[in-house]
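Values in this document were obtained by computation on a predicted structure and should not be read as measured data. In what follows, every chain begins at residue 1, and chains take the letters A, B, ... in the order their sequences are listed.
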Amino acid sequence: MPELPEVETVVRQLAPRLAGRRVARLVVRDPKLAGARRRDLAGRRIAGVARVGKRIVLEFASRRRGESPCYLEVHLRMTGRLLWAEGWPVTAGAATGRRRLPPPRAVLVLDRGAVLFVDPRRFGTMRWSRERPRPGGLDPTGPGFTTEALARLLAGAGTPLKPWLMRQDRLEGLGNIYASEVTYAAAIDPRRPAGSLTREEVRRLAAATRRILRAAIRHCGTTFSDFQGVLGTVGGYRRYLRVYGRAGEPCPRAGCGARIERIVQQGRSTYFCPRCQR
DNA sequence: GGGTACCTGAAA
DNA sequence: TTTCAGGTACCC
């Protein structure tokens, strides 16, 4: 499910529901998440929900002077979801059962309602920190994401462009879907060394990235199987994908007529138009 | 850099 | 049965 637009969608849906709520406890059911267990949460208020790259950060306020706030960092990885259950535990079955989801790996129980962490493949992670988690790379939706900044990051990189776009220590937020979409929109061959782009190509790449991520966020992300929002809502951006998952179909650019190709780069599928992308 | 591992489920 | 999946971490 989650790249930047999907995570942003979760944060936007969760934030107004969680802001100011009091915590009862965090129930950790999956032994893989045992490290996220914590006893001293009762009575803390949720001070904020934010996105840092693809991570979701919940801030828990201190209860008294001298106590530190703490931060829960959730990474959904491939199949993780956070679901809002308004009437927990009464509606828990409704939230998870209706869609044949596995039982939640963890549940953050609030004074009213709960957040369920559902994650069939169990790749997702939760960890606590005392410090506010910091970005590891440049956020491609932020004001600092300019042609100049992108050019500086790309300089000298020999990695093929599309895998480079997924390096979270450079740009934080692009994943396998949007990396393909962005190179297509910028008309650049995803196999080109990332550092080989001309200034004009970097400009197109930056513009395409901003535009596509903004549109995907507006449509609440891309959903393939089932749902992704905290209420079980479906992301609507899928219909705007131009190349991802479209191997063998004609290139959507009018008059092109070439077939979209699927190749494997660093173990992941890349989709592109061999005629439009140079 | 490239390959593999982590997991489960859906689809071919 | 095999392949694939929106992500990362760890190996040489």
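Among residues at least two apart or in separate chains, there is no side-chain hydrogen bond (donor to acceptor under 3.5 Å, both in side chains) pair with a member in residues 205-217 of chain A. Each side-chain hydrogen bond (donor to acceptor under 3.5 Å, both in side chains) pair with one or both residues in residues 158-168 of chain A, not counting sequence neighbours, appears once here: A/K162-A/N176, A/K162-A/T270, A/R167-A/D169. Listed by first and then second residue, the salt bridge (charged side-chain N to carboxylate O under 4.0 Å, His left out) pairs involving residues 268-278 of chain A amount to none (not counting sequence neighbours).
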Report, one pair per line, the protein and nucleotides 10-12 of chain C atoms (nitrogen or oxygen only) whose separation is under 3.5 Å.
none

Pairs: protein N or O with nucleotides 2-5 of chain B N or O, under 3.5 Å:
unit_1: B/dG2; atom_1: OP2; unit_2: A/Q266; atom_2: NE2; d: 3.1

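In the interface, the side chain of A/R121 is paired with the base of B/dC7 through a donor and an acceptor atom under 3.5 Å apart.
Here A/F123 does not lie in a stacked arrangement on the base of C/dT8, lacking the combination of planes under 30° and ring centres under 5.5 Å apart.
Considering only residues two or more places apart in sequence or on other chains, A/R130 meets the side chain to side chain contact (heavy atoms under 4.5 Å, CB included) condition with none of them. Residues meeting the side chain to side chain contact (heavy atoms under 4.5 Å, CB included) test with A/R12, sequence neighbours left out: A/E8, A/I217. Shown here are the ring pair (Phe, Tyr, Trp, His ring centres under 6.0 Å) partners of A/Y184, two or more places apart in sequence or in another chain: there are none. Residues passing the side chain to side chain contact (heavy atoms under 4.5 Å, CB included) test with A/P250 are A/R259, sequence neighbours excluded. Legend: residues meeting side chain to side chain contact (heavy atoms under 4.5 Å, CB included) with A/R246, ordered by chain and number and at least two apart, are A/E249.
Stem regions annotated for DNA chain B: B:1-6 with C:7-12, B:8-12 with C:1-5, counting only runs of 3 or more consecutive pairs of Watson-Crick or G-U type with both contacts under 3.5 Å.
When the P atom is compared between C/dT3 and B/dT4, the two are found 14 Å apart, to the nearest whole Å. Comparing B/dG9 with C/dT8, their P atoms sit 22 Å apart, to the nearest whole Å.
Among the protein residues, A/T125 comes within range of no part of the nucleic acid, since none of its heavy atoms lies under 4.0 Å from any strand.
Using a 4.0 Å cutoff on non-hydrogen atoms, the parts of residues 166-176 of chain A near DNA chain C are A/M166, A/Q168, A/G175, A/N176, ordered by number.
For A/H75, the side-chain atoms get nearest to C/dG7 when compared with the rest of C/dG7, C/dC4, C/dG6. The side chain of A/K32 lies closest to B/dC6 when the candidates are C/dT8, B/dT8, B/dC6.
Residue A/T159 has a polar side-chain atom (N or O) positioned under 4.0 Å from OP1 or OP2 of B/dG1.
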